[in-house]
Amino acid sequence: MGFSPRTEALLDRAGSICLGRGARLTDLRRQVLGLILDANAPTGAYDLLDRLRTTRHGAAPPTVYRALDFLLEHGLVHRVERLSAFIGCVAHEEAHAAQFLICRNCGKVTEIDDHGLAHALEHAARRLGFSVGNATIEAEGLCAACDPQQAAACH
Ligand SMILES: [Zn+2]
Ligand SMILES: [Zn+2]
């Protein structure tokens, strides 16, 4: 199964990120990541399974979940909790906290990478003696294309 040239380039990059950490982006992991990167929207595990089965007929849910666990662990995908779906992220060398803006009109999900936000949360939590392990921030609203006020401001 072939992916778009852009996705293939990202997959090569993901492969070398893994190698640098002494991990291996196996064919299966590469394929699952490719399906996520090639999709235009966050993709759920069962959608991934369906797409995977077009080439791997015997694929079962644990196959996909194990591949997703690996990709999550290495920060190559994020889970968007609100949508129970996965989104690719091959832009960073390191695993990182993610923040998402989810448009409630068109469903577009944008990742913002703001260290200030992550640190503000950590500091606020530490004041309460809480040490943050995993923090994914998800904000719901309207994207620039869907917000009539922003559209008006542009014209
Ligand atoms: Zn990310
Ligand atoms: Zn929108």
Side-chain angles (χ1 to χ4, degrees), residues 3-49 51-52 61 63-126 130-155:
F3 294 114
S4 68
R6 179 184 163 273
T7 295
E8 290 290 349
L10 288 172
L11 288 172
D12 288 343
R13 184 171 151 77
S16 59
I17 290 175
C18 289
L19 230 94
R21 294 178 191 158
R24 216 161 72 79
L25 191 68
T26 60
D27 279 350
L28 175 71
R29 291 164 178 170
R30 188 183 164 95
Q31 211 173 6
V32 171
L33 180 58
L35 289 170
I36 294 171
L37 291 170
D38 241 14
N40 291 317
T43 313
Y46 278 85
D47 279 344
L48 289 171
L49 185 61
R51 286 177 211 173
L52 197 62
T63 315
V64 170
Y65 281 113
R66 272 197 299 269
L68 286 170
D69 280 346
F70 174 88
L71 297 172
L72 283 167
E73 187 190 325
H74 285 274
L76 297 169
V77 303
H78 298 300
R79 187 181 148 86
V80 183
E81 299 293 341
R82 201 173 275 262
L83 306 174
S84 297
F86 299 87
I87 191 168
C89 181
V90 185
H92 306 274
E93 288 290 333
E94 290 164 22
H96 54 283
Q99 299 107 26
F100 296 105
L101 305 176
I102 304 169
C103 179
R104 75 166 91 89
N105 187 49
C106 69
K108 186 179 169 196
V109 176
T110 307
E111 178 176 349
I112 47 176
D113 188 18
D114 188 321
H115 287 287
L117 264 176
H119 286 149
L121 180 63
E122 256 169 57
H123 285 297
R126 205 169 295 150
F130 187 96
S131 65
V132 175
N134 239 311
T136 302
I137 299 170
E138 301 181 358
E140 199 185 69
L142 289 174
C143 75
C146 294
D147 186 346
Q149 283 188 337
Q150 295 224 26
C154 291
H155 294 294

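For ligands, and for the atoms within them, numbers begin at 1 and follow the listed sequence. Computed from heavy atoms alone, side chains included, the values below leave out hydrogens, waters and symmetry copies.
In this structure a side-chain-to-backbone donor-acceptor pair under 3.5 Å is missing from Ser16 to Ala14. For the pair Glu138 (side chain) and Arg82 (backbone), a donor-acceptor distance under 3.5 Å is present.
Annotation: side chain of Leu52 is in contact with side chain of Leu28 (closest heavy-atom distance under 4.5 Å). Taking 4.5 Å as the limit, every side-chain heavy atom of Arg24 sits out of range of all side-chain heavy atoms of Arg30.
Listed here is the closest heavy atom pair of Gly88 and Ile36: N-CG2, 3.3 Å.
Inside a sphere of radius 2.8 Å centred on the Zn ion (ligand 2), the protein N/O/S atoms present are Cys103 SG, Cys106 SG, Cys143 SG, Cys146 SG.
Checked against salt bridge (charged side-chain N to carboxylate O under 4.0 Å, His left out), Arg79 has the following partners two or more places apart in sequence or in another chain: Glu81.
Summary: OE2 is the N/O/S atom of Glu111 found nearest to the Zn ion (ligand 1).
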